[in-house]
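Before any comments, here is the structure.
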Amino acid sequence: MKTARPSETPPGGADPAATLGTPDLAALARDWITLWQSEISALVADREAEETWQALFALWAGMLANAINAMPRERPYHPGPSPRASGAPHHEPAGNASATRPPRPAPAPPPSDPRDAEIERLHRRLAELEQ
């Protein structure tokens, strides 16, 4: 018995997808891609979504900076035989780095907000009205 290849139409000219009751996967894939392209285009044009992503990335960057600053500065302890205990010669690194470390600089102040002057003017006006 000869079987039809997927690219061939079976005898009688009927569409294999229609005769088997299966969806047309190529059309389904095209529709799905079109849907996601329109969704992504709408998301890119949305100013509120852009501001949300910027705030999320700023929080993420702050979290990573804090995690990096919280990491120990010295080499971690590795249990095992000491080089001195094994009789191997021990060489001190040039200039003991852990003994004298320069102090870390103070964190940078937050960037100024262009609305600061307006907020200050409103505070003064509110204090004036309260008097």
Side-chain angles (χ1 to χ4, degrees):
M1 177 174 158
K2 181 180 177 188
T3 58
R5 290 188 214 142
S7 62
E8 298 177 351
T9 57
D15 181 25
T19 58
L20 297 175
T22 59
D24 181 13
L25 295 179
L28 183 63
R30 278 192 304 274
D31 291 345
W32 187 82
I33 290 171
T34 302
L35 171 72
W36 277 105
Q37 284 176 339
S38 66
E39 289 294 321
I40 291 172
S41 296
L43 185 63
V44 168
D46 187 5
R47 175 125 174 104
E48 187 176 324
E50 178 185 353
E51 291 170 355
T52 302
W53 279 107
Q54 286 177 349
L56 177 66
F57 286 136
L59 287 172
W60 219 8
M63 180 191 69
L64 289 175
N66 287 336
I68 289 171
N69 287 335
M71 292 177 67
R73 300 282 183 208
E74 296 178 14
R75 293 187 318 182
Y77 171 73
H78 295 288
S82 166
R84 290 184 182 168
S86 66
H90 178 72
H91 301 285
E92 284 291 327
N96 192 352
S98 63
T100 57
R101 287 203 178 132
R104 292 179 17 193
S112 64
D113 190 338
R115 299 172 292 182
D116 285 347
E118 181 65 17
I119 292 171
E120 183 59 36
R121 186 188 67 77
L122 289 173
H123 279 288
R124 284 194 307 266
R125 179 68 179 143
L126 182 62
E128 181 183 300
L129 290 174
E130 285 176 347
Q131 289 179 357

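Only heavy atoms go into these numbers, but all of them, side chains included; no hydrogens, no water, no symmetry mates.
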*Trp53-Val44 co-clustered via ILVMFWY side chain contacts under 4.5 Å*: no

*How many angstroms lie between CG in Leu59 and CD in Gln54, if you round to the nearest 0.5 Å?*
12.0 Å

*Could you tell me whether Glu48 atom CD has more than 12 heavy atoms of other residues or ligands within 6.0 Å of it?*
no

*Is Ile33 reachable from Trp36 through a run of I, L, V, M, F, W or Y residues, each pair having side-chain heavy atoms under 4.5 Å apart?*
yes

*Between CZ on residue Arg47 and CD on residue Glu50, distance to nearest 0.5 Å*: 5.5 Å

*Min side-chain heavy-atom separation Arg104-Asn69 under 4.5 Å*: yes

*Are Leu56 and Ile40 grouped together when hydrophobic residues (ILVMFWY) are joined by side-chain heavy atoms under 4.5 angstrom apart?*
no

*Got a salt bridge between Glu128 and Arg124, using NZ or NE/NH1/NH2 to carboxylate O under 4.0 Å?*
no

_Do Glu39 and Leu43 make a side-chain contact, defined as non-hydrogen atoms from C-beta onward lying under 4.5 Å apart?_
no

*Give, for atom CG of Leu25 and atom CZ of Arg30, the distance between the pair rounded to the nearest 0.5 Å.*
10.5 Å

